Amino acid sequence: MSRKLEFVAKDPGSNPSGSPTLYKTEAGWIVQGWNVTDPEILAQMDIPEGESCVEIPDRLVPFFFEGAQPASDSNQ
């Protein structure tokens with residue numbers, strides 16, 4: 001069974017082909033962002049096997065609230 005991936009928003013401050021980007025699935029959210037590699041930050045987190053973390057700018061957070069609405073492909 002294939003899962004549906006719905007584009008929600010791209011960071012308005014990024015270049016057109018860049019990150020970060022938000023997607024919605026029937027199960028939750030997929031966030032594309034900058035890999036967190038700072039050892040001091042990672043040392044403060046408890047990241048289980050099979051998980052990773054990315055950073056997104058604050059200006060992308062409001063799009064989570066708009067994500068419940070169908071996204072338009074014209075916004076990609």
Side-chain angles (χ1 to χ4, degrees):
M1 177 168 81
S2 76
R3 294 175 55 193
K4 182 179 177 198
L5 181 69
E6 181 181 352
F7 170 82
V8 175
K10 186 172 284 290
D11 172 22
S14 288
N15 68 50
S17 62
S19 185
T21 307
L22 296 179
Y23 299 93
K24 187 83 174 92
T25 69
E26 61 278 352
W29 296 89
I30 294 178
V31 179
Q32 175 185 335
W34 302 293
N35 290 328
V36 176
T37 58
D38 183 323
E40 291 181 19
I41 296 292
L42 293 170
Q44 299 175 59
M45 302 173 73
D46 183 19
I47 304 169
E49 181 81 25
E51 292 186 11
S52 63
C53 59
V54 296
E55 186 170 7
I56 62 171
D58 289 338
R59 64 184 169 260
L60 196 54
V61 172
F63 291 102
F64 281 102
F65 301 101
E66 298 174 13
Q69 317 226 343
S72 167
D73 288 344
S74 64
N75 292 333
Q76 289 190 20

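One-based numbering along the sequence shown. The structure presented is a predicted model; accordingly, all values stated were derived computationally and were not measured. All values below were derived from every heavy atom in this structure, side-chain atoms included, with hydrogens, water molecules and symmetry-related copies excluded.
- The two residues L22 and L60 make their nearest non-hydrogen contact at CD1-O, 3.8 Å.
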Side chains of residues 34-51: which donor-acceptor pairs under 3.5 Å do they make with residues two or more places apart or in other chains?
| residue | atom | partner | partner atom | Å |
| --- | --- | --- | --- | --- |
| D38 | OD1 | E40 | N | 2.8 |
| D38 | OD1 | I41 | N | 3.4 |
| Q44 | NE2 | E40 | O | 3.0 |

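- Judged as a salt bridge (charged side-chain N to carboxylate O under 4.0 Å, His left out), the pairs with a partner in residues 53-62 (not counting sequence neighbours) are, in order, D11-R59.
- Taken from OH in Y23 to CD in E6, the straight-line distance is 12.0 Å, to the nearest 0.5 Å.
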side-chain contact (heavy atoms from CB on, under 4.5 Å) evaluation trace for I56 with F63: CA-CA 12 Å; I56 62 171; F63 291 102; over 6 Å; no
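- Counting heavy atoms from C-beta on, the side chains of S19 and S14 never come closer than 4.5 Å.
- Applying the side-chain hydrogen bond (donor to acceptor under 3.5 Å, both in side chains) test to T21 and every residue at least two apart in sequence or in another chain returns K10.
- Contact check on K4 versus E26 returns no salt bridge, with no Lys/Arg side-chain nitrogen under 4.0 Å from an Asp/Glu carboxylate oxygen.
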